[in-house]
Number of protein chains: 2
Amino acid sequence: MNEEFTIGQVAEKTGLPIHTIRYYEKEGILPFIKRNESGRRIFEYEDIQWINLLNCLRDTGMPIAQLKDYADLTLQGDPTGEKRLEILKKQKEKIEEQVNILKSHIELLNLKMEWYPRLKKENIQFDHAVKAWLKDGKLPPEQ
Amino acid sequence: MNEEFTIGQVAEKTGLPIHTIRYYEKEGILPFIKRNESGRRIFEYEDIQWINLLNCLRDTGMPIAQLKDYADLTLQGDPTGEKRLEILKKQKEKIEEQVNILKSHIELLNLKMEWYPRLKKENIQFDHAVKAWLKDGKLPPEQ
DNA sequence: ACTTGATCTAAAGTGAACTTTAGGTTGTAG
DNA sequence: CTACAACCTAAAGTTCACTTTAGATCAAGT
């Protein structure tokens, strides 16, 4: 219980390089980390969870400056919960939208591949005209 | 039909700065753009769709070099459809996972906020111990 | 005590992705 | 015919997010 970790262990668990963890602390987005008597960083399990959240937000394009805002809110404690919730929800919606864009491109590619043999046989291009035929997403019957 | 656009119009429609569009072309990730007699770029509707896909992939962390690979596959035409599909699916799965991570953090925050008044009243910290009680995600009955 | 590996700080360096600058061409409106 | 906005290239500059370097301290094993 209340396990403690060194920076090296945290690097391994989170996939972040040691130097990046120190850099993040300097930027103020790891505001909870304690030190021992000789100045070495001590991480707890919650710090690892926090770093995982940072990783997630970074990987989806949130800049450090915004992470800093989020960290500052978190430092202000529970009363800022609603604001933080808002930020996370917005980010979630943003990346859900990206998922939808990707889905539609995936569908288009699938459609193209389904059409490809037919198009080749009939020597036509998969272009806007063809896409227009495809409103229902099905191949018309072969002539 | 078969509408054509200038770089300025495309910039407006896609949200990318004009200079970035030119930069993207130089990097080889806009391989379909034609020119008029005097060397100006001519964009079609499909080019705008392509840029939207690029934007989506970039916004979710795909580097230019990988976009270049994807563009090269696309240039090779329909036979590389499966490969491209694989790339898009992988990216989609990657960002769906990020959505899940965010969801779990959002839930935790919601939980904290639900608990906050109780914790304050009983003067306890929302910490590991508390989280341990919460396996079922519900508040225990008030004592 | 001595070596070795992990940690520390401060500061300089790097790579990717733009962004700006400089100087030139084009095309439409007055 | 001239102004002026929109376009062009090539090249230098900037920003962000690390990453590396240099030099010091600490902790465990022999």
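Model, not experiment: these values are computed from the prediction.
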ask   = How many angstroms lie between atom CD1 of A/Ile18 and atom CD of A/Gln9, to the nearest 0.5 angstrom?
value = 10.5 Å

Among the candidates [options], find the nucleotide nearest to the side-chain atoms of [X].
X: B/Pro63; options: C/dA17, C/dC18, D/dC7; result: C/dA17
X: A/Ile64; options: D/dC8, D/dA17, C/dC18; result: D/dA17
X: B/Pro17; options: C/dC8, C/dT19, D/dC7; result: C/dT19
X: A/Ile7; options: C/dG27, D/dC18, C/dC8; result: C/dC8
X: A/Thr20; options: C/dT26, C/dC8, D/dT19; result: D/dT19
X: A/His19; options: C/dC18, D/dT21, C/dT20; result: D/dT21
X: B/Arg40; options: C/dC18, C/dT7, C/dT26; result: C/dT26
X: B/Arg41; options: C/dC18, D/dC8, D/dA17; result: D/dC8

Phosphate OP1/OP2 of [N]: any [X] side-chain N/O under 4.0 Å:
X: A/Thr6; N: C/dA6; value: no
X: A/Arg22; N: C/dT7; value: no
X: A/Tyr23; N: D/dC16; value: no
X: A/Ser38; N: C/dT7; value: no

How many Å lie between [atom1] on [X] and [atom2] on [N], as a whole number?
X: B/Lys26; N: C/dT20; atom1: NZ; atom2: C1'; result: 12 Å
X: A/Phe43; N: C/dA6; atom1: CZ; atom2: C1'; result: 13 Å
X: A/Met62; N: D/dC16; atom1: CE; atom2: P; result: 16 Å

inquiry  = Run the side-chain contact (heavy atoms from CB on, under 4.5 Å) test on B/Val10 and B/Asp47 for me, step by step, so that the C-alpha distance in whole Å, both residues' side-chain angles and the decisive distance to 0.1 Å come before the verdict.
reply    = CA-CA 9 Å; B/Val10 173; B/Asp47 297 318; over 6 Å; no

task = For B/Asn36 and for B/Arg58, find the nucleotide of DNA chain C with the closest heavy atom, then tell me which residue's nucleotide is more 5'.
result =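 The residue mapped nearer the 5' terminus is B/Arg58.
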
task = Go through B/Leu67 and B/Arg58 one step at a time and tell me if the side-chain contact (heavy atoms from CB on, under 4.5 Å) criterion holds.
result = CA-CA 8 Å; B/Leu67 294 179; B/Arg58 282 288 305 112; 3.4 Å; yes

query = How about B/Trp115 and A/Asp78: do any of their side-chain heavy atoms sit closer than 4.5 Å?
reply =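 No, too far: nothing below the 4.5 Å cut-off.
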
ask   = Stepwise, does the side-chain contact (heavy atoms from CB on, under 4.5 Å) test hold for A/Gln66 with A/Tyr70?
value = CA-CA 6 Å; A/Gln66 257 174 275; A/Tyr70 188 84; over 6 Å; no

